[in-house]
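From a predicted model like this one, the values you see are computed outputs, not experimental measurements.
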Amino acid sequence: MHTRLFHAGVLTSALALLVAPATAFAQLAAPNSAGAAIGHVHINATDLDAQKRFWTTLGGIIVQREKLTLVQFPGIYVILRNQNPTGGTVGSTLNHFGFLVKDFAGSVAKWKAAGLNWEPVVNPQVGQGFIMGPDNVRVEIYEDKSIVMPMQMHHIHLLVPDPTAAQKWYGQQFGAVAGTRLGGIGVERTKFDTVNVPGTEITLSKTTDSLVPTKGRSVDHIGFEVIDIDSFVTRLRTAGVKTDGEIRSSANASGLRIVYVTDPWGTEIEITQGLKSTPPAKP
């Protein structure tokens with residue numbers, strides 16, 4: 001009897017190990033006390049197939065949800081839309097977004113072999129670099145050997161004239177927690193102001209440059225998934241935040257409700273309810 005229980009326990013544990021990575025790969029983070037977590041970044045693609053090739057080479061998995069084309073990464077979706085962008089990420093309020101990788105050297109070697117445009121950062125204390133994707137979408141990569149998955153979402157980097165004001169705004173509207181990070185993940189270089197929501201860090205750099213809003217650019221907007229979009233938007237409107245219209249059902253996927261707002265510095269934000277129910281692809 002004990003032997004049978006032991007073998008059953010071993011089998012159950014083995015199955016859990018097989019299932020857990022797939023679940024972790026697909027799952028958006030649990031929401032914070034404000035009911036929000038990061039959901040997606042949205043790409044305007046000149047060539048949809050080129051964007052698909054880039055993101056799958058980087059490590060994502062394509063998921064088709066009715067008319068929505070998503071690329072699944074641990075902690076976030078990259079949503080692809082066939083629309084010519086007005087420009088790349090550099091020059092907009094969203095300069096780039098970034099991922100962590102467990103095996104930096106191996107990942108970089110694979111990406112170089114695939115012909116991706118790798119831009120190394122000279123930093124002997126940490127693996128770090130950039131990749132410029134189609135439509136000039138800039139993606140930063142950091143090494144973190146402690147992560148469970150081979151790759152996961154890390155940050156969205158915004159340029160703003162007043163990082164403290166941006167910390168306050170994202171804290172008030174999305175429950176984001178203010179903090180700081182040393183550039184290079186623990187390496188004492190640039191000190192960044194940050195705000196954190198489940199699933200990502202929003203990195204805030206001070207700038208005096210004149211930057212364009214994200215709407216229409218290659219990264220058109222970022223998205224937060226919320227538990228209760230009606231009460232969430234009511235609270236935003238009470239705080240004086242304007243929406244682009246009424247909450248509505250997405251024309252691209254059933255079971256998905258959406259509305260847009262724009263932060264005071266020009267980054268467009270889609271608020272969704274139902275993105276988390278997207279059926280996961282098998283890694």
With [X] via salt bridge (Lys or Arg N to Asp or Glu O under 4.0 Å) - residues at least two apart:
| X | value |
| --- | --- |
| E140 | none |
| R81 | D220 |
| D230 | R257 |
| E66 | none |

For [X], side-chain hydrogen bond (donor to acceptor under 3.5 Å, both in side chains) partners two or more places apart:
| X | answer |
| --- | --- |
| T234 | none |
| D228 | S231 |
| K242 | none |
| H42 | H221 |

(message) Considering only residues two or more places apart or on different chains, which pairs with a residue in residues 129-138 satisfy salt bridge (Lys or Arg N to Asp or Glu O under 4.0 Å)?
(response)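 Applying salt bridge (Lys or Arg N to Asp or Glu O under 4.0 Å) to every pair that reaches into residues 129-138, excluding sequence neighbours, yields E119-R138.
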(message) Filter on salt bridge (Lys or Arg N to Asp or Glu O under 4.0 Å), then keep only pairs touching residues 84-96, sequence neighbours left out; what's left?
(response)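 Of all non-adjacent pairs touching residues 84-96, none passes salt bridge (Lys or Arg N to Asp or Glu O under 4.0 Å).
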(message) Check this for me: does any side-chain nitrogen of one of R237 and E246 sit under 4.0 Å from a carboxylate oxygen of the other?
(response)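 Looking at E246 together with R237, the answer is yes, because their closest N to O distance falls below 4.0 Å.
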(message) Starting from L159 and following side-chain heavy-atom contacts under 4.5 Å between hydrophobic residues (I, L, V, M, F, W, Y), which residues can be reached?
(response)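 Besides L159, the hydrophobic cluster comprises L211, listed by chain and residue number.
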(request) Please report the shortest heavy-atom distance between Q51 and A45, naming the atom on each side. (result)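 Here Q51 and A45 meet closest at CG-CB, 3.4 Å.
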(request) Side-chain contact test, heavy atoms from C-beta onward, threshold under 4.5 Å: evaluate it for Y170 versus I269 and give yes or no. (result)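 The answer is yes; the side chains approach within 4.5 Å.
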(request) Quick one: sort the H157 and H96 rings into parallel, tilted or perpendicular, breaks at 30° and 60°. (result)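 The arrangement is tilted - the two ring planes meet at 30° to 60°.
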(message) In terms of relative ring orientation, are F232 and F174 parallel, tilted or perpendicular, with 30° and 60° separating the classes?
(response)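 If you compare the ring of F232 with that of F174, the planes turn out tilted.
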Using residues 108-115 as the side-chain source, report each donor-acceptor pair under 3.5 Å to any protein atom, sequence neighbours left out, with the distance given to one decimal.
{"residue": "W111", "atom": "NE1", "partner": "T57", "partner atom": "O", "Å": "3.3"}

(message) Taking NZ in K52 as the centre, count heavy atoms belonging to other residues, nucleotides or ligands within less than 6.0 Å. Is the count above 12?
(response)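 More than 12 heavy atoms, drawn from other residues, nucleotides or ligands, come within 6.0 Å of this atom.
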Would you say [Y] and [X] are linked by a side-chain donor-acceptor pair, where the criterion is simply a distance under 3.5 Å?
| X | Y | answer |
| --- | --- | --- |
| T203 | E201 | yes |
| S92 | R217 | no |
| E268 | T262 | no |

